[in-house]
Amino acid sequence: MTRKYFGTDGIRGTVGTAPITPDFMLKLGWAAGKVLGGDAGGKVLIGKDTRISGYMFESALEAGLSAAGVDTLLLGPLPTPAVSYLTRTFSAQAGIVISASHNPFADNGIKFFGPDGRKLSDHLESEIERLIDQPLVCVHPAGLGRAKRINDAAGRYVEFCKSTFGGDTSLKGLRIVVDCAHGAAYQVGPAVFRELGAEVITIGNEPDGLNINKDVGSTYPAALQTAVKARGADLGVALDGDADRVVMVDHEGRLVDGDQLLFVIADHLTAQGRFEGGVVGTLMTNLGLEQAFAARGIPFARANVGDRYVVAEMVKRGWMLGGETSGHVVCGHATGTGDGLVTALQVVAAVRGSGKTLAALSRGYESCPQVLVNVRIAEKVNLAEQASIQAAVVSAESAMGGDGRVLLRASGTEPLIRVMVEAQSQTVADTHAHTIADVVRASLSD
């Protein structure tokens, strides 16, 4: 189903450019209130990251929800997964996050959670879109929604994160660098690890409204790598702007991505006899991870790119773990959505429980060389109908046998075809990726 405003992870864009404008947010709040609040009105939570535009959009959404007769509980700056958790604990009809995740400060966006703390279905997003294009009709003045600020929201979430660590294990003796990306976790992130006993060194924890994700965080891990080595830390944790994703750094300064985090968690739970079901990755998950799970007898399945699709596949299969290479990891045995802090705690639990370093644990499998080539195209096309392109894909897959993988995917935000090839050697991956990209370019480029 084609949607006008919603993408794979809510609504996102540049502030001041439609639809990321105050008037649209007012209408969005009203439409969401009508669809999610129900006839009784109900209550909706609003959290945000540290972008300066968050204040403006918070007020606009609050006004729209009030016009729909829905009460608003304001949480202030908090990670996206905190809003998911608190939506459940407050028995709210929905949770709204004002954030553009890992994007720069000039962007912003909106994510929604349902009463179960999970992302909305395509159907509900389409219903909200349908109402956005209708005239706004305010409820009777006596039925307007009220707004209240929840002052202990951060403390509630910190306690939740600590509870997922399990047992009486302490982090005493561990030195951890936490990079908060100048984002939503700048307070709660360091607090979680510090209260569990770790020595915490913080970077990226001085937000000014304009510096979120700037040269720090999960998309710029070089700052964390430098800090871990300079301070002699045992490991580092890099969150993104809204803290729903995480990458880590071992004591050698080596980056540990989402695929490796999935491996460490699954391997540790399996060793403890606590792993159930299998692991859900995405179309972009490295082939090496799939092969490592196969060698250990752990089932593996792929979902479309986007954590909401990972969660949907996990629920469908009844599995407890899934995630993306980018660091969106869902630990279903602990929480129902991607949570950077909870994921990091599961990895640290593996470090503590095994007595091994993160470096040793994450080297349990070898990633296959992966090459990604972007090809600009003139207009959207159905790749399945392009005979020459499909022939090139079949030829590459045949040449690699079962030791490689080809993925062609249209970008959701740009006029690009992404050609991805994984193989057992860098040379093979390079050769096939550029050969297929040349065919795509000859067939579709402007």
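The model shown is predicted, which means the values in this text are computed figures rather than measured ones.
Although no hydrogens or angles enter the test, the distance criterion places a donor-acceptor pair under 3.5 Å between the side chain of Glu129 and the main chain of Lys4. The main-chain N or O of Gly114 is never found under 3.5 Å from a side-chain atom of Arg118 such that the two would form a donor-acceptor pair. Side-chain atoms of Thr343 come within 3.5 Å of backbone atoms of Asp339 as a donor-acceptor pair (strictly under, hydrogens ignored). Under a 3.5 Å cut-off, the side chain of Glu58 and the backbone N or O of Ile46 do not form any donor-acceptor pair. At distances below 3.5 Å, not a single donor-acceptor pair connects side-chain atoms of Asp438 with backbone N or O atoms of Ala442. Listed for the Lys27 side chain is a donor-acceptor partner under 3.5 Å among the backbone atoms of Gln134. Although no hydrogens or angles enter the test, the distance criterion places no donor-acceptor pair under 3.5 Å between the side chain of Glu422 and the main chain of Cys368. Side chain of Arg51 to main chain of Asp107: a donor-acceptor pair is present (N/O by atom type, distance under 3.5 Å, no hydrogens or angles). Panel note: side chain Glu290, backbone Phe300; no donor-acceptor pair is recorded below 3.5 Å. The backbone N or O of Ala266 lies less than 3.5 Å from a partner atom in the side chain of Thr270, making a donor-acceptor pair.
Partners of Tyr220 under the ring pair (Phe, Tyr, Trp, His ring centres under 6.0 Å) rule, at least two apart in sequence or in another chain, do not exist in this structure. In terms of the salt bridge (Lys or Arg N to Asp or Glu O under 4.0 Å) criterion, residue partners of Asp9 (sequence neighbours excluded) are, by chain and number, Arg12, Lys111, Lys119.
Using a 4.5 Å heavy-atom cutoff, the side chains of Val256 and Leu261 are in contact. Two residues are said to be in side-chain contact when any heavy atoms from C-beta on lie closer than 4.5 Å; Ile20 and Ile11 meet this criterion. Residues Val35 and Leu124 have side chains in contact (heavy-atom distance under 4.5 Å, counting atoms from C-beta outward). Counting heavy atoms from C-beta on, the side chains of Lys229 and Gln225 never come closer than 4.5 Å. For the pair Ile98/Met25, no side-chain contact is recorded, criterion being any heavy-atom separation below 4.5 Å from C-beta on.
Residue pairs meeting the salt bridge (charged side-chain N to carboxylate O under 4.0 Å, His left out) criterion with at least one member in residues 251-262, sequence neighbours excluded, are Asp250-Arg254, Glu252-Arg363. Listed by first and then second residue, the ring pair (Phe, Tyr, Trp, His ring centres under 6.0 Å) pairs that reach into residues 239-294 are Phe263-Tyr365, sequence neighbours excluded. Within the structure, the ring pair (Phe, Tyr, Trp, His ring centres under 6.0 Å) test picks out the following pairs touching residues 52-95 (sequence neighbours left out): Tyr85-Phe160. Listed by first and then second residue, the salt bridge (charged side-chain N to carboxylate O under 4.0 Å, His left out) pairs that reach into residues 76-94 come to none, sequence neighbours excluded.
Heavy-atom contacts from other residues, nucleotides or ligands closer than 6.0 Å to CD1 of Ile52 number 12 or fewer. Dense packing is recorded around CD of Gln390, with more than 12 heavy atoms of other residues, nucleotides or ligands lying under 6.0 Å away. Other residues, nucleotides and ligands contribute at most 12 non-hydrogen atoms within 6.0 Å of the CD atom of Glu366.
Here the shortest heavy-atom pairing between Thr337 and Ser84 reads CG2-OG, 3.4 Å.
To the nearest 0.5 angstrom, Leu345 atom CG is 9.5 Å from Ser163 atom OG.
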Where do Leu444 and Val375 land on the side-chain contact (heavy atoms from CB on, under 4.5 Å) test, with the steps shown first?
-> CA-CA 9 Å; Leu444 304 177; Val375 180; over 6 Å; no
Test side-chain contact (heavy atoms from CB on, under 4.5 Å) on Phe113 and Thr80 and set out the steps.
-> CA-CA 10 Å; Phe113 292 102; Thr80 287; 3.5 Å; yes
Before giving the answer on side-chain contact (heavy atoms from CB on, under 4.5 Å), spell out for Gln424 and Gln291 the whole-Å C-alpha distance, their side-chain angles and the decisive distance to 0.1 Å.
-> CA-CA 11 Å; Gln424 296 303 307; Gln291 294 171 336; 3.6 Å; yes
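The side chain to side chain contact (heavy atoms under 4.5 Å, CB included) with Leu239 is formed by just one residue from the set Asn213, Leu341, Asp179; it is Leu341. Considering Asp244, Thr282, Asp240 as possible partners of His328, the one that fulfils the side chain to side chain donor-acceptor pair (under 3.5 Å) test is Asp244.
Residues Glu324 and Arg245 are not paired through a salt bridge, judged by the lack of any N-O separation under 4.0 Å between the basic side chain and the carboxylate.
Side-chain contact, His182 with Asp208: no donor N or O sits under 3.5 Å from an acceptor N or O.
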